[in-house]
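Note that ligands are numbered from 1 as they come in the structure, with each ligand's atoms numbered from 1 the same way. Just so you know, these numbers use all the heavy atoms, side chains as well, and skip hydrogens, waters and symmetry mates. Values in this document were obtained by computation on a predicted structure and should not be read as measured data.
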Amino acid sequence: MKRLIFATNNLHKLEEVRAALAGRAEVVSLAEAGLEGEIPETADTLEGNARQKAGWVWDKICESETRNREAYDGVFADDTGLEVEALGGAPGVYSARYAGEHCSFDDNIDKLLVSLDGVENRRARFRTVICLMEDGEERLFEGAVEGRILTERYGQGGFGYDPVFMPDRFAVSFAEMPLEVKNRISHRGRAVEKLAEAI
Ligand code: IMP
């Protein structure tokens, strides 16, 4: 079974991806790999950010004499954006900082609900790009889920925009679903499935 570092500081994502890859790949967190610090994320596309994040971690592993490069088969990173049709695809690649630098998930949801106040077209999609880097070679995997933005928050689970996103063919938000259900249909779940098939 491959041993891969997941380049994220988001513990929700780590839990989701570990559950999705259980029995198929060993997912090592940054802390377990002895890495810390803010991972740079300055590209203007999801693909660019995913490559940048995976590359940053891979370089750190290869540069260091104390971290055992041989212990890992590779690194992967994901980048996700919420693309809202009525907002011309915003917040997109800027989803984490939609309400400003260092804003909270709640600040972002508040801004989104205000931006869509009175707007009838609530169509939106989450899109994830995963970059897998093994021996400096990169591969990209994409997953998306279509749905709509609700007019208020529903549910306590998940993270980010989950309480206001309702995927098509469901009558509940992502935050109201058990993790296994979200993982089966979500943007990241679909991208992770492609990653799992490739490794
Ligand atoms: P990131 O840059 O991939 O961490 O994602 C950007 C932002 O998108 C995050 O800060 C979250 O607000 C949001 N996001 C990413 N994945 C999800 C998800 O699965 N559900 C809800 N929001 C998410």
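A salt bridge between Glu142 and Arg127 is present, with a side-chain N of the basic residue lying under 4.0 Å from a carboxylate O of the acidic one. A salt bridge does not link Glu176 to Arg153: none of the charged side-chain nitrogens sits closer than 4.0 Å to a carboxylate oxygen. Using a 4.0 Å cut-off between charged side-chain N and carboxylate O, Asp79 and Arg188 make no salt bridge. For the pair Glu85 and Arg148, the salt-bridge criterion is not met [side-chain N within less than 4.0 Å of a carboxylate O].
Atom CD of Glu83 sits about 6.5 Å away from atom CG of Leu46, to the nearest 0.5 Å. Atom CZ of Phe6 is separated from atom CG of Leu195 by 9.5 Å, given to the nearest 0.5 angstrom. With values rounded to the nearest 0.5 angstrom, Arg139 atom CZ is found 5.5 Å from Glu134 atom CD.
Ligand-side atoms of ligand 1 in range of Glu41: 2 (O), range being under 4.0 angstrom from any heavy atom. Residue-ligand proximity, Lys182 to ligand 1, at heavy-atom distances under 4.0 Å covers atoms 18 (C), 19 (O), 20 (N). Interface of His187 with ligand 1, defined as ligand atoms under 4.0 Å from a residue heavy atom, comprises 16 (N), 17 (C), 18 (C), 19 (O). Taking every non-hydrogen atom of Lys13 and a distance limit under 4.0 Å, the qualifying atoms of ligand 1 come out as 1 (P), 3 (O), 4 (O).
Contact annotation: Phe126 has at least one heavy atom less than 4.0 Å from an atom of ligand 1. The closest approach between a heavy atom of Asp79 and any atom of ligand 1 is below 4.0 Å. The shortest separation from a heavy atom of Phe105 to ligand 1 is under 4.0 Å, placing the residue in contact. Residue contact check for ligand 1: Asp162 places a non-hydrogen atom closer than 4.0 Å to it. By the 4.0 Å heavy-atom criterion, His12 is excluded from the residues contacting ligand 1.
Note: Phe126 and His187 have parallel aromatic rings, judged against thresholds of 30 and 60 degrees for the angle between ring planes.
Among protein heavy atoms, atom 8 (O) of ligand 1 sits closest to Ser95 CB, 3.6 Å. Ranking protein heavy atoms by distance to atom 14 (N) of ligand 1, first place goes to Phe159 CE1, 3.9 Å. Annotation: atom 22 (N) of ligand 1 to nearest protein heavy atom, Tyr161 N, 3.1 Å. With respect to atom 5 (O) of ligand 1, the closest heavy atom belonging to the protein is Thr80 O, 3.4 Å. Closest to atom 16 (N) of ligand 1, if we only count protein heavy atoms, is Arg188 NH1, 3.3 Å.
For atom 9 (C) of ligand 1, the nearest non-hydrogen atom from the set Cys103, Ala50, Ala96, Pro91 comes from Ala96.
Here the closest heavy-atom approach between residue Ser29 and residue Leu14 is recorded as CB-CD2, 3.7 Å.
Residues Asp162 and Tyr154 are not in side-chain contact: their nearest non-hydrogen atoms beyond the backbone lie 4.5 Å or more apart.
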